[in-house]
Amino acid sequence: MASHGMVYDGCNYFRQRLVLSTLSGKRVKIKNIRSKDDNPGVRDFEASFIRLLDKVTNGSRIEINQTGTVLFYQPGLLSGGTVEHDCHTQRSIGYYLEAILMLAPFMKTPLKATLRGVTNGPTDPTVDLLKSTALPLMKKFGIDGEGFDLKVVKRGMAPGGGGEVIFTCPVRRTIRPLQLTDPGKIKRIRGVAYSVRVSPQMANRMVESARGVLNNFLPDIYIYTDHMKGANSGKSPGFGLTLVAETLNGSFLSAEMVSTPQGQGEPVVPENLGRTCAQLLLEEVYRGGYVDSSNQSLALLLMTLGQQDVSKVLLGTLSPYTIEFLRHIRDFFQVMFKIETQKPLEDERKGGDKVLMTCVGVGYSNINKTLK
């Protein structure tokens with residue numbers, strides 16, 4: 001058993017396991033991947049994810065059996081450099097990018113990744129969301145510099161895709177420990193309403209209806225509209241809205257919605273989408289915490305890898321994905337978090353119950369980075 005490293009069952013949390021395996025250097029074996037399914041084994045988008053991992057590492061060994069139901073992964077070193085990858089359109093670029101964000105600071109050479117596919121899809125975080133919430137969060141942990149950027153070159157909506165983004169990230173030797181316990185009040189709301197291959201008016205209609213909800217709470221709202229046309233607009237029509245609330249202490253809470261992909265179910269009206277998205281943002285604000293629900297696991301990972309000192313972060317209710325991520329962190333890094341629930345006082349209007357997460361970093365040091 002020991003020689004195989006970690007052994008897991010089933011296709012769930014596929015990315016978590018491979019990312020943590022790569023960072024910790026521990027081998028992982030995943031068996032029974034959809035073995036009872038009519039169409040067993042690894043899906044195309046997962047195979048595409050494995051290929052991307054292979055491109056950013058050097059010397060990884062990946063073995064998959066005939067039916068695709070067993071995967072063995074022995075991580076190599078994170079090499080970085082210039083990488084191009086066509087992400088499978090079953091999932092958005094966000095699916096691949098979330099994992100790359102976790103690995104990028106620990107490469108040997110700074111990463112410049114060009115990813116193509118669906119930039120804005122209904123199931124995964126969109127590129128806009130990651131740009132406006134995940135990047136500022138990483139900057140807090142000391143991952144920043146002029147080479148730290150995520151640029152949307154072309155938009156691609158589901159199902160056709162055709163979008164393109166460029167993500168560049170400098171390398172870091174160590175991650176600094178942080179105490180993010182007081183997000184403070186919301187000071188402003190920013191957002192982007194985008195539309196491709198539909199009337200540019202769609203974006204304005206979403207902005208109007210979203211403002212109709214949010215203006216009751218806050219005057220400082222600015223949602224800019226982004227209408228890409230021609231070659232930059234991908235292959236499918238669609239529109240969507242990403243909203244971000246920023247607090248006084250520089251925390252970002254976000255919500256987003258994307259129109260129903262062409263040929264998949266009921267079409268959606270821009271007014272309803274704008275209104276619903278604004279309500280989702282208010283829900284996220286109610287849930288609160290320093291990090292919104294889509295970035296909980298990124299924050300917890302960076303805390304785990306920090307220098308050997310105490311890190312704390314205040315989160316809203318933990319998502320099921322995050323809870324599973326905590327179990328995996330325990331498996332791969334033997335780090336346990338201290339979890340304290342905080343109930344807001346009646347008169348404070350601080351929203352829902354909060355969780356204070358505390359851990360001592362493992363003092364992870366980037367062994368791949370060459371010394372100058």
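As a basis for the values below, the full set of heavy atoms in this structure was taken, side chains included, without hydrogen atoms, waters or symmetry mates.
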For Gln264, is the CD atom crowded, meaning more than 12 foreign heavy atoms sit under 6.0 Å from it? yes
Supply the atom-to-atom distance Leu248 CG to Lys185 NZ, rounded to the nearest 0.5 angstrom. 8.0 Å
OG of Ser294 to OH of Tyr321: how many Å apart, nearest 0.5 Å? 11.5 Å
Evaluate the criterion salt bridge (charged side-chain N to carboxylate O under 4.0 Å, His left out) for residue pair Lys312 and Glu340; output intermediate values, then yes/no. CA-CA 11 Å; Lys312 294 185 178 192; Glu340 301 161 81; 5.7 Å; no
Among Leu280, Leu243, Thr133, exactly one meets side-chain contact (heavy atoms from CB on, under 4.5 Å) together with Ser254. Which residue is that? Thr133
Hey, mind stepping through Asn58 and Lys108 against side-chain contact (heavy atoms from CB on, under 4.5 Å) and telling me if it holds? CA-CA 10 Å; Asn58 186 359; Lys108 183 175 177 182; over 6 Å; no
Is there a side-chain contact between Ser79 and Met107 in this structure, where contact means two heavy atoms from C-beta onward sitting under 4.5 Å apart? no
Apply side-chain hydrogen bond (donor to acceptor under 3.5 Å, both in side chains) to residues Ser132 and Asp128 and explain how you reach the verdict. CA-CA 6 Å; Ser132 50; Asp128 305 273; over 6 Å; no
Is the distance from the ring center of Tyr364 to that of Phe106 below 6.0 Å? yes
Could you state the interatomic distance from CZ (Arg188) to OG1 (Thr247), rounded to the nearest 0.5 Å? 10.0 Å
Evaluate whether atom CD of Glu208 has more than 12 neighbouring non-hydrogen atoms of other residues, nucleotides or ligands under 6.0 angstrom away. no
To the nearest 0.5 Å, how far apart are CZ in Arg287 and CG in Leu282? 11.5 Å
Side-chain contact, heavy-atom cut-off 4.5 Å: Ile189 with Leu281? yes
Measuring only between side-chain heavy atoms, which start at C-beta, is Tyr290 closer than 4.5 Å to Leu315? no
Atom CG of Leu180 and atom CE of Met303: how far apart are they, to the nearest 0.5 Å? 8.0 Å
CG (Leu18) and CG (Leu20) are apart, to the nearest 0.5 Å, by 9.5 Å
The residue among Gln90, His85, His88, Arg43 that forms side-chain hydrogen bond (donor to acceptor under 3.5 Å, both in side chains) with Ser48 is His85
Decide salt bridge (charged side-chain N to carboxylate O under 4.0 Å, His left out) for Glu84 and Arg116; before the verdict, give the C-alpha distance in whole Å, the side-chain angles of both, and the deciding distance to 0.1 Å. CA-CA 8 Å; Glu84 295 204 8; Arg116 297 187 188 86; 2.9 Å; yes
Start with the C-alpha distance between Leu302 and Ile143, add both sets of side-chain angles, then the distance that settles side-chain contact (heavy atoms from CB on, under 4.5 Å), and finish with yes or no. CA-CA 10 Å; Leu302 292 172; Ile143 304 161; 4.0 Å; yes
Can you tell me if Glu146 has over 12 outside heavy atoms packed within less than 6.0 Å of its CD? no
Just do the side-chain contact (heavy atoms from CB on, under 4.5 Å) check on Leu241 and Ile223 with the steps written out, would you? CA-CA 9 Å; Leu241 176 65; Ile223 306 171; 3.9 Å; yes
Under the criterion side-chain contact (heavy atoms from CB on, under 4.5 Å), which of Val313, Thr358, Thr304 is the partner of Phe337? Thr304
Step by step, work out the salt bridge (charged side-chain N to carboxylate O under 4.0 Å, His left out) result for Lys187 and Asp220. CA-CA 7 Å; Lys187 64 173 176 183; Asp220 187 354; over 6 Å; no
Can you check whether Phe239 reaches Leu273 side chain to side chain, under 4.5 Å on heavy atoms? yes
If we ignore hydrogens and angles and just use 3.5 Å, is the side chain of Arg17 paired with the main-chain N or O of Tyr8 as donor and acceptor? no
Parallel, tilted or perpendicular: which one describes the rings of Phe332 and His328, with boundaries at 30° and 60°? tilted
For a 4.5 angstrom cut-off between non-hydrogen side-chain atoms, does Val207 reach Tyr224? no
What's the verdict on salt bridge (charged side-chain N to carboxylate O under 4.0 Å, His left out) for Arg190 and Glu246, showing C-alpha distance, side-chain angles and the deciding distance? CA-CA 8 Å; Arg190 294 288 176 263; Glu246 188 186 340; over 6 Å; no
Take Tyr96 and Asp124, measure what side-chain hydrogen bond (donor to acceptor under 3.5 Å, both in side chains) needs, and give me the verdict at the end. CA-CA 9 Å; Tyr96 302 88; Asp124 301 291; over 6 Å; no
